[in-house]
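These notes are about the structure you will find just below.
All of these numbers come straight from a predicted model, not from anything done at the bench. A note on names: the letters A, B, ... follow the listed sequences, proteins ahead of strands, and every chain is numbered from 1.
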There are 4 protein chains.
Amino acid sequence: MRPVIDLNADVGEGFGVWPPGHDDQVIPLVTSANVACGFHAGDPGVMRRTVALAAARGVAVGAHPGFPDLLGFGRRRLDASPREVRDYCVYQIGALWATARAERVRLQHVKAHGALYNLAAVDDDLARAIAEAVASVDGDLILLALPGSAMERAGAAAGLRVAREAFADRSYQPDGTLTPRGRPGAVLGDPPVVVDRAVRLVTTGAVETVAGTALRLECDSLCVHGDNPRAPELLRALRRGLEAAGVRLAPLGAVLEEATGRDR
Amino acid sequence: MRPVIDLNADVGEGFGVWPPGHDDQVIPLVTSANVACGFHAGDPGVMRRTVALAAARGVAVGAHPGFPDLLGFGRRRLDASPREVRDYCVYQIGALWATARAERVRLQHVKAHGALYNLAAVDDDLARAIAEAVASVDGDLILLALPGSAMERAGAAAGLRVAREAFADRSYQPDGTLTPRGRPGAVLGDPPVVVDRAVRLVTTGAVETVAGTALRLECDSLCVHGDNPRAPELLRALRRGLEAAGVRLAPLGAVLEEATGRDR
Amino acid sequence: MRPVIDLNADVGEGFGVWPPGHDDQVIPLVTSANVACGFHAGDPGVMRRTVALAAARGVAVGAHPGFPDLLGFGRRRLDASPREVRDYCVYQIGALWATARAERVRLQHVKAHGALYNLAAVDDDLARAIAEAVASVDGDLILLALPGSAMERAGAAAGLRVAREAFADRSYQPDGTLTPRGRPGAVLGDPPVVVDRAVRLVTTGAVETVAGTALRLECDSLCVHGDNPRAPELLRALRRGLEAAGVRLAPLGAVLEEATGRDR
Amino acid sequence: MRPVIDLNADVGEGFGVWPPGHDDQVIPLVTSANVACGFHAGDPGVMRRTVALAAARGVAVGAHPGFPDLLGFGRRRLDASPREVRDYCVYQIGALWATARAERVRLQHVKAHGALYNLAAVDDDLARAIAEAVASVDGDLILLALPGSAMERAGAAAGLRVAREAFADRSYQPDGTLTPRGRPGAVLGDPPVVVDRAVRLVTTGAVETVAGTALRLECDSLCVHGDNPRAPELLRALRRGLEAAGVRLAPLGAVLEEATGRDR
C-alpha cells in the first residue's frame, strides 16, 4: 500500500489584467503547484503573486514552461527544434527560479505545459531537450512526467529524479494512454467517481480502463486540471477521500523521498 | 593612480532572425558584457549564444534588464510602477541567471537598460525597485550604476556592491550629467580623443567637461556603446591606450575586489 | 431638448483564452461598441466574434486603438512619438476595418483607449497624430472625443466628424475635468443617481459637479465602462430612464446626422 | 511567347530597431512587393516606410501575412485551426490595407509567408481559410500562389484572381515541386544560370528539372528571395536578361489583365 501522494495543479495562468482562474481556491488544496512562466501564460507580477500564495500555504512550487504562444495558450503544436525548446525551458525555469527565490521559496519541480508536454511524451529529442534544460539549471529539480513516456526516460537519462503523474479527472485506455478529449467519457467530472478511482489507484496501483480492464499505473502525483471550474470541489472531495482511505498528502519532494526510503 | 578598470558593453541585442550587432567583435574586447534578457531585445537562443561567446573569451556576464517594449527597444519611458519594475527585473535576471548556469558561468552583475536606466538614475522609487530585485535574487550580484545617481544610492541601501561607470564615448557637462544626445559634441567618435579622455579619467580620476572645467568622476568601469558601428575600433584603441598608460583591464568583480583591498 | 443620444462601451477586451468581460450582456444594451484591436487587448478571433455579436444586434462598431502594451492593458503612459502613434492607429484601425468588412459591417467610429485617450486629450501632437491616422484611412469615420479636448480640436482640424462623449458613471469637477479615479466620489455606481444625472445631461445639456455647480456639457454619446461588473445593470437602468424621459437611443452616426439636421 | 512577367520579393521584414534587409535596393528592382504585416516580421512603422518606398518607385504592394511567431519568423509550423488562420489573415491584410491607403496606394495582392505558404500549398482547409479571408476583405485582391497547389485551387473556388509564381533562384524536381532546401543544388546563386532559366521559363513556359527533363510551368510572376544577400545583383541580372529577350516587366495586376486579354 502506498501511504503518500502529491496533488498537483496548473496555476498562475493569467496575464496582465486577466486573472488566473480560481488559484486562490485551488492552491490551498494541492501540495504542488505548477506555475506558468510567461510564455503560454503568466507574467512577472502574476508569477510573484502565485508563488507568494503557494508559499503562504506551504504548497511547493514548480516551473510550468510552455511554447511561446500566448495567443494559443501553448496548446498548439509549434515546430520548434530541440535546441529552441531547450533554450525556452532554461529561460522560463530561470525566470521562475528567481521569482521563487525573491519570495524565499525553493523551486521543487518542472512540468512541461500543453502541447510541449504532449509532444515530449512521445518525442525523444524534445524530451531530452527539456530534461537537459532542467539538469543544466539545477540537477536537484524533480521532473514531473507521464509514466512510460519519452519524458520519463529522458529525465532518468539526464540523472534527474522523475516523478510520475496520473490524471484524476481523465479516463484511460487499455494501452495506458488517456482517452482523447472530445471522446465520450474522456473527462470525468463526478466527484465520487473521481475519488473512488483515485483511492484505488493510490492504494492498489491500478485503475480501471474504459474497456473495464485493470491498468497498472505507478504514480507519485495526481493531477487535477485547475482550469476546470469544478476543480476546487473535486480537490476537496479528493482530499477527504484519500485521507479517509489512510493516504497522506505531501509535496512531490517528500513523496519521492519516502519512496526512495522504501526501496523504490 | 588607478591600476585597473573594467570595460563594459551592451550585447545580445538581437531577436529571432535579427542578429545582435557586432557581438563577435565587441565581446572579445570588453571585460564585462551586459546581456539583453528578452524584454527590450534578446531571446532565449540569442542569450545562450551570447553567454557562450563571452564564456569562451573569459568575459564576465551581467543581466541587462529593460522595459517590456521590444518594438521600442526599451528606449521609451513606460509608466510602470516600482512594483512592476521590480517584478520585471527579477524575471529577467532569473532568465539570464539560468542561461549562464546552463553554460557553467556565474552571473557577475546587473545593469538596467535604456529608459529604465535613465529613469532609475533620478527616480528613487524605481532605483530601489531595481536594487531590491537584484538583492532578492542574489545578494552577490554587483549593481552597475551612474556615479551620483539614485541607482547608486539604492544599491548601497540594499546592501549590494555597486560599481560606477563612466561613458568613454560621451561628453560631460559641468554638473556631471551627460550632454544630451542630439546636442553637438554629445557623442565622441574620434578614437584618439576618446582614448586620451579615458586614460586621464582612469589615471587621475577626472575628465574635462564641455565647458573646459575638470570634473572629478569615480569609476570602476568604462562603457562603450556596442551598437556604435565604430565600437570595435574604439575598443581596440582604448585597450591599447589604457595598457600603454599602465592600466590593467579586468572584469568588474576583480576591479571591485582590488578597490576594496586598497581601502576604497 | 436633445431627442437622441448614443450609448457606447469598450468591448472585445479579451485575449486568447481570456474572455472579454461581459460582452454578451453589454453589447445588446449599447448603440455603439468600441472594439479593442490587438494592442492593449483583443486578438483576431476575439475581434471577429465581437463584431459579429454587435452586427447581430444592430450595434455600430468602432475601432478602439491603444498603446502596444498588452501587459499593462494600454493603461500606462508610453513615450511613443506622434509618428509612432499615428502608425499604431493606422494599423489597428485597418485590422478592425477588415474584420468588420469580413462580417459585412461598416466601421462607424474610432475612440482611443486608456493612456492614449488621456494623453491625446491634452497633447496636441498626439491628438493630431490620431486624427490624421483616422482621416488617412477613411475620412467618413467619426472620431469620439472628450468635449473641449485637444482630441476634439484635432479631429475638427483634420476634417473629421467629431462626436463628444460624457461619462455616465463618473463625477465631474467645476473645470469640466473628471474627478481623478481614487478620489472619493470619482466613480458613480448607484443606478438611480447615474440615471438621473444622465437624463438631466441629455435633456438639459448640463450636469452637477462635485462642487454642486452646474456644468454645461455638449455630448453625443454616453460612455459606460464595460469592465465595471455592474455595467449591464447600469445600462439597463440608463436605457429605461432615458426612454422614460423621451430620449431615443441611436448609434453615433445617426445622432450626428440628426444634430446636423438641427443646425448643430 | 509570353510578353510580360512580374518580379516579386518579400520586403518589410524588419522589426523595431532591426532593419528590413536590403529593401532600399530590392524594392526598385521588383514590380510587386510582398510586405510583412507584423506577425512574423514588420511593425506599423516599418510597414509605412516600406509601402512609401514602393509607392515612390511605382512598385505594387501586397500583404504578406504569416503565423504569429515573431521569434521564429513565421517559418515554423504552428497547428492553428483554419478558423484561426482566416482570422489572422483578415487582421493582417486589413492592417496593410490601411497602411497602403494612408500612403494613397491600393493593395494589389496577398501572398502567404513561410510555413503558412508551405502548409497552404498542400492543405485544402488552410488554403480555403486564406482564400476566404482575402475574398471577405476585398474580392479585387489577387492571390499569389504556387502553380498546382491547394492555394491556387482555393483562390479560384473563392472567386479570386489567382497569379502563379515560379522561383527564379530555386531548382525543380520532375514532379514540379521545389528541391528541398538543404539538398545540393536546391538554391541557385549564379546569375547567368538563374537568368537563362528565367528567360527560358518565361518565353517557352518550361524549365529544366534536376533530372534534366523539361517541366511545363505556367507562371505570372518570378519570385526572388529578398533576404538573399545577392538578391540585388540577381534582380539586376534578371531585369537585363528578360528585357534583352523581349520580355516586359509589369506588376501582377497588369500581367493578369494582359493574360485575360489573350484569352488566358
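- When the candidates A:Arg101, A:Glu103, A:Arg48, A:Arg104 are compared by the number of heavy-atom contacts under 4.5 Å with chain B, A:Arg48 comes out ahead.
- Within a 6.0 Å sphere centred on CZ of B:Arg106, other residues, nucleotides and ligands contribute 12 heavy atoms or fewer.
- Between chain A and the residues B:Pro68, B:Gly94, B:Gly45, the largest count of heavy-atom pairs under 4.5 Å involves B:Gly94.
- When B:Arg86, B:Glu84, B:Met47, B:Arg83 are compared by the number of non-hydrogen pairs under 4.5 Å with chain A, B:Arg83 comes out ahead.
- Minimum heavy-atom separation, A:Pro44 to B:Asp87: CB-O, 3.4 Å.
- Using modelled atom types, one side-chain atom of B:Tyr91 and one backbone atom of A:Cys37 make a donor-acceptor pair closer than 3.5 Å.
- Between A:Ile93 atom CD1 and B:Trp97 atom CH2 the span is 10.0 Å, to the nearest 0.5 Å.
- The two atoms that bring A:Ala102 and B:Ser136 nearest to each other are CB-OG, 3.3 Å, heavy atoms only.
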